[in-house]
Amino acid sequence: MKQALHSLVVSGLTQLRDAGQIAQFDPAQIKIELPRDKSHGDFATNVAMMLAKPNGMNPRALAEQLIAHLPSADWLVGAEIAGPGFINFRVQAAAKFAALATILEKTADYGRINAGEGKLVQVEFVSANPTGPLHVGHGRGAAYGSALVSLLRHAGYQVEAEYYVNDAGRQMDILTVSVWLRYLALCGETFTFPSNGYQGDYIITTARALLSEQGEALRASAIDVFANVSPDQVLDASGQVVSGDKEAHIDDIIINARQLLGTERYRLILDRVLHDILVDIKEDLAEFGVHYDNWFSERSLMDTGIVDAALARLEAAGKLYEKEGAIWFRSTDYGDAKDRVVVRDNGIKTYFASDIAYHYDKLSRGYEKIINIWGSDHHGYIPRVRGSIQAMGEDDARLEVLLVQFAVLYRGAEKASMSTRSGQFVTLRELREEIGTDATRFFYVMRRCDQHMDFDLDLAKSKSNENPLYYIQYAHARCCGVFTQAVAKGFSAWQSELGLSQLALLTEESEAELAQKLTQLPEVIQLAARDHEPHQIAYYLKELATQLHSYYNGTPILVADDALRNARLTLLAATRIVLANGLTLLGVSAPERM
RNA sequence: GCGCCCGUAGCUCAGCUGGAUAGAGUAUCGCCCUCCGAAGGCGAGGGUCGCACGUUCGAAUCGUGUCGGGCGCGCCA
């Protein structure tokens with residue numbers, strides 16, 4: 001409908017242009033919008049005001065000319081000038097119901113569009129370090145990322161969802177040592193657990209598994225483990241460091257662990273804990289309705305030499321140099337605040353080196369666009385990554401980085417801690433189990449991702465009617481309920497053909513509005529996909545649910561008249577489809593009963 | 001100090017890339033179940049869009065400054 005109007009306006013303007021009344025114009029700039037005020041008609045455009053100035057014309061006069069040259073269409077009932085130069089359009093009532101047949105026919109596919117034209121896009125999201133279970137902070141990225149993936153798929157893109165597994169580096173060593181120390185404690189060794197070790201129960205679980213599988217084959221004496229280890233930090237009551245250094249402390253333990261265990265046994269522990277955590281993360285995400293096409297290992301980048309290849313490209317471009325024993329990337333050439341180390345003075349490559357290689361690899365895989373969804377705390381990281389892409393001779397416009405702001409958690413009025421190290425964080429699993437997957441996903445995706453967000457756990461947990469999700473799901477359940485009610489009341493089951501043939505009986509204003517709202521889904525999906533904003537879907541569903549509830553409350557559906565009853569049921573059937581499609585898109589269920 | 005994000009109703013948030021009288025939920029206050037699900041509907045009150053300039057026919061939206069909040073500025077990942 002909107003597109004039809006758009007082409008009418010374009011052809012009207014084209015005539016004016018050919019008659020020499022106005023200059024050339026860009027059809028893409030012409031917008032047909034929905035007036036806020038119903039008295040302004042069904043659609044409106046502001047082209048007359050847009051084009052008035054460049055053509056030296058009065059907006060209202062231009063509008064008048066345009067209306068005079070508008071091709072006629074049987075569904076267009078009127079076009080009037082209003083205000084400073086808006087043109088308001090009125091559309092025939094029957095035209096508003098035209099989409100119902102399409103909706104019923106396409107069902108789950110209604111809303112799918114081809115804006116993406118099958119272009120290959122990759123979305124990387126969550127990618128939390130495999131050092132422990134996902135916490136609620138990751139939940140937002142997971143909900144947002146997977147909603148974006150399905151949104152883009154509905155919009156006609158071919159999308160691959162990827163999780164980058166940081167299974168290399170010092171954190172893996174700390175993880176390994178943490179497990180080993182717990183294992184040693186289970187063997188009967190006595191010592192103080194390092195303050196910088198991972199303290200969660202999952203560490204002990206893996207340690208216990210190792211003990212039962214390996215017996216004491218991995219045992220060493222605490223005296224050897226802590227030999228020549230620099231002292232751990234000591235804190236005073238206010239949390240200030242009195243003495244010691246927790247980083248140096250654990251690094252020394254790592255050195256001893258490698259020596260005492262040897263490469264093979266050390267690797268055995270590392271692989272074991274990594275495996276356990278990844279299994280947990282995958283299961284957690286799957287239960288959250290989040291699915292990936294690829295799990296990409298950082299370690300594999302090193303093993304296959306991609307890191308070296310990427311660094312060689314930077315070297316060839318003359319963007320690497322040596323200073324103070326380390327090798328630096330000249331990222332300041334690309335707007336970064338300072339140059340960055342890629343190889344430390346101890347010869348170990350930094351995380352950034354892996355990441356350069358990772359992006360290099362992703363770009364070489366042929367995606368039209370790669371989208372990274374990062375926590376907002378990583379924003380300072382963007383310039384150096386873009387810089388590395390440019391330095392390697394690639395187009396950094398192919399990379400898009402979307403930042404997800406943190407959700408600040410509250411329990412009532414109190415902030416909830418999210419620290420992974422403290423062992424007191426709220427896990428995503430805990431959140432899901434308490435408030436359910438549907439509510440969790442909907443709450444996260446309801447807000448723009450670049451917006452700070454307050455997540456009140458108590459509120460989300462309470463199954464009160466304050467939860468907007470229930471409002472939408474209830475609308476869907478209501479739509480479903482009427483059909484079983486119809487039969488229970490002794491009416492014949494819904495006949496879609498009869499209903500579709502009798503849509504002219506739907507003369508209520510709320511019926512026309514509801515039908516028109518249904519036709520907006522494809523457009524909402526297109527805009528939401530273009531802007532990467534799933535929350536637009538949530539808002540649309542909310543509005544649709546409002547209209548449904550209002551209609552349902554004020555108009556009896558199950559009337560005795562077969563024709564009218566079936567027409568109304570047809571409208572509800574279409575509404576049910578649209579609600580279900582929207583909810584599915586967000587990863588939320590559409591229950592038939594609640 | 002520098003950089004990024006953000007200040008819209010008591011609270012939580014939208015505002016379709018500059019348009020008509022700034023919206024929704026919640027909270028508060030009135031109504032509506034002999035009727036298809038009241039997890040619902042109808043109505044009322046509530047705003048100097050942080051503040052100040054500027055850009056133009058027109059600004060919550062764009063620019064500059066300023067105040068306030070969040071985050072980032074490692075040879076960590």
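Chain identifiers are assigned alphabetically (A, B, ...) following the order of the sequence lines, protein sequences preceding nucleic acid strands; residue numbering begins at 1 within each chain. The model shown is predicted, which means the values in this text are computed figures rather than measured ones.
Side-chain contact, A/H378 with A/N372: no donor N or O sits under 3.5 Å from an acceptor N or O.
In this structure, the aromatic ring of A/Y381 is not positioned over the six-membered ring of the base of B/G72 within 5.5 Å between centres and 30° between planes.
By the rule that a glycosidic angle within 90° of 0 means syn, B/C33 counts as syn.
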Can you give me the N/O atom pairs linking the protein to nucleotides 15-17 of chain B at distances under 3.5 Å, or say none if there are none?
residue	atom	partner	partner atom	Å
B/G15	OP1	A/H535	NE2	3.2

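The distance between the ring centers of A/F455 and A/F443 falls below 6.0 angstrom. Aromatic ring centres of A/F329 and A/Y321 lie farther apart than the 6.0 Å criterion allows.
Listed candidates were B/C36, B/C6, B/G40. Nearest to the side chain of A/Q451 is B/C6. Checked against B/G37, B/C13, B/C75, the side chain of A/T350 finds its nearest nucleotide in B/C75.
Residue A/N129 is classed as a sugar-phosphate contact, given heavy-atom separations below 4.0 Å to backbone atoms only. If you check every strand for non-hydrogen atoms under 4.0 Å, A/D336 touches nothing.
A donor-acceptor pair under 3.5 Å is formed between the side chain of A/R568 and the backbone N or O of A/P556.
Checked by distance alone, A/H379 brings a side-chain donor or acceptor within 3.5 Å of a matching partner on the base of B/G3.
Following rounding to the nearest Å, A/Q547 (CD) and B/G41 (C1') show an atom-to-atom distance of 14 Å.
For B/U26, neither phosphate oxygen OP1 nor OP2 lies less than 4.0 angstrom from any side-chain nitrogen or oxygen of A/Y471. Using a 4.0 Å cut-off, no side-chain N or O of A/S376 falls inside it from OP1 or OP2 of B/C4.
Across all strands shown, B/G63 forms a Watson-Crick or G-U wobble pair, both distances under 3.5 Å, with B/C53.
Note on ring orientation: taking the six-membered ring where Trp is involved, the planes of A/Y539 and A/H535 are perpendicular (angle over 60°, cut-offs 30° and 60°).
If you take atom C1' in B/C57 and the same atom in B/G41, they sit 42 Å apart, rounded to whole Å.
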